[in-house]
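Everything on this sheet refers to the single structure shown next.
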Amino acid sequence: MRLIRSENVGPITFRQLLLRFGSAAAALDALPSLAASGGRRGRLKVCPIEPARAELVALRRLGARMITLGEALYPEALAAIDDAPPVIAVKGRRELLRVPMLAIVGARNASANGRTFARRLAQALAGRGLVIASGLARGIDAAAHRGALDAGAAGGTLAVIAGGLDSVYPPEHAALQEEVAAKGLLVSEAPLGTEPQARHFPRRNRLVSGLSLGVLVVEGARRSGSLITARLAAEQGREVMAIPGSPLDPRAQGPNSLIRQGATLVQSAEDVIECLQPLVGRPFAQAPAPDPGIRASPEPGPRETSQARAEIEELLSPTPVAVDEVLRRCQLSAPLVQAVLLELELAGRLERQAGNRVALIA
């Protein structure tokens, strides 16, 4: 917890630190020097032990608990994505994490017909044994959660929270969030006390898709968060489905565009079941989970890293570029490139983006 809660340490950085140093304790000790090597001015903020302990105590008081990557209860589907969160906080029916999930997402300003269809479809699919995952947002998300709750004991729903488990957003969904916690499951990777901000929602969306076998988009504009979730789902190897709509409705542009690109056209619960049936029970190809006892990788020497840093920085800019492209163009070893990128990220000079892309922070 201290490692993932330290400044500039994200899920990918977390995994690379463990692979490089062999343990979270050794990685914590190395953080300040790594950040300094990357050009950081001022000392990196390493999470002290007391706030980490306090968060665990506060979670227990909230009726929640922490699940770490590598535990048996950690969702298999989520563990398979490249940027799986090292820790997630959960509140509610934890057994739902072992049940196949479908994400239903869509426009916040959804039409009445869109909300009605999403609710009925979620109820039918939850009644067929699927857990309905979404982001507890206005519009289609809320309709999907309510539809799954309508299915009663036969169904289940999971809501991924953009902030901490103790935050409520939007405020008018306080009662819905409480009902999901009582009858379904709330999930968050953010520390308690985190209030949702714009940058948190794409991160939440990757968890919504990462937990699921597939993502169904009901309504959404071409540049909406729903389309971001669909893109993330495709990158994660998930099924992408969409409900077609009238070309005259701007909210149908997103789903219609997805269908043109090859997404499965859905008009009924049977269409979803037919699409997902071959995937149920199929194991996910997982990246190796962090192991506290893992053997540390050889650390590149300071001179080697310094020489490589200048070459790599020339290839980077505020425009995102794939790490594989950086490797191809600089022709340095993968461990050396990853070491330089790690130092730049800890220094606060590099941002990792979806699709294994990186960009310099202007």
Side-chain angles (χ1 to χ4, degrees), residues 77 99-151 154-160 184 205-282:
V99 181
M101 296 188 201
L102 168 73
I104 298 181
V105 298
R108 287 176 171 81
N109 63 333
S111 67
N113 284 339
R115 295 177 196 222
T116 299
F117 189 83
R119 184 165 183 165
R120 290 177 179 174
L121 191 64
Q123 181 179 4
L125 292 168
R128 297 284 292 271
L130 287 172
V131 170
I132 304 301
S134 200
L136 208 69
R138 301 178 179 95
I140 297 300
D141 286 24
H145 289 305
R146 291 190 173 102
L149 292 168
D150 290 343
T157 189
L158 178 150
V160 183
N205 293 348
R206 93 185 193 287
L207 298 191
V208 172
S209 58
L211 283 160
S212 308
L213 296 173
V215 170
L216 172 63
V217 180
V218 178
E219 289 182 338
R222 286 182 182 271
R223 298 183 180 274
S224 66
S226 306
L227 271 290
I228 294 175
T229 308
R231 176 176 57 79
L232 292 170
E235 292 174 353
Q236 294 165 348
R238 307 303 194 248
E239 289 291 331
V240 178
M241 295 161 275
I243 308 293
S246 169
L248 300 177
D249 188 346
R251 291 167 294 199
Q253 290 182 359
N256 289 349
S257 175
L258 290 173
I259 293 169
R260 288 193 63 187
Q261 295 169 32
T264 300
L265 188 153
V266 167
Q267 299 181 92
S268 67
E270 289 302 325
D271 293 335
V272 176
I273 296 296
E274 182 181 348
C275 181
L276 296 183
Q277 192 63 49
L279 307 178
V280 175
R282 189 180 73 182

Is there a donor-acceptor contact under 3.5 Å from the side chain of [X] to the main chain of [Y]?
X    : Y    : result
S226 : G106 : yes
R138 : N109 : no
N256 : Q253 : no
R251 : D249 : no
R206 : L232 : no

Measuring from atom [atom1] of [X] to atom [atom2] of [Y], what distance do you get when rounded to the nearest 0.5 angstrom?
X    : Y    : atom1 : atom2 : answer
M241 : L276 : CE    : CG    : 4.5 Å
Q261 : R231 : CD    : CZ    : 11.5 Å
R238 : S209 : CZ    : OG    : 7.0 Å
I243 : Q267 : CD1   : CD    : 8.0 Å

N/O donor to acceptor pairs below 3.5 angstrom from side-chain atoms of residues 129-137, sequence neighbours left out:
from: S134; atom 1: OG; to: I104; atom 2: O; distance (Å): 2.7
from: S134; atom 1: OG; to: D141; atom 2: OD1; distance (Å): 3.1
from: S134; atom 1: OG; to: D141; atom 2: OD2; distance (Å): 3.3

Are the side chains of [Y] and [X] in contact, using a 4.5 Å heavy-atom criterion?
X    : Y    : result
V208 : L158 : no
T264 : E274 : no
I259 : P244 : yes
L216 : L121 : yes

Considering non-hydrogen atoms only, spot the tightest contact between [X] and [Y] and give its length.
X    : Y    : answer
V240 : A233 : CG2-CB, 4.1 Å
L279 : L213 : CD1-O, 3.9 Å
A242 : P255 : CB-O, 3.6 Å
A122 : A148 : CB-N, 3.9 Å

Is there any side chain to side chain donor-acceptor pair (under 3.5 Å) pair reaching into residues 111-128, and which pairs are they, with sequence neighbours excluded? S111-E219, R119-D150, R128-E270
Between L125 and I273, is the side-chain contact (heavy atoms from CB on, under 4.5 Å) condition met? List the steps. CA-CA 8 Å; L125 292 168; I273 296 296; 3.9 Å; yes
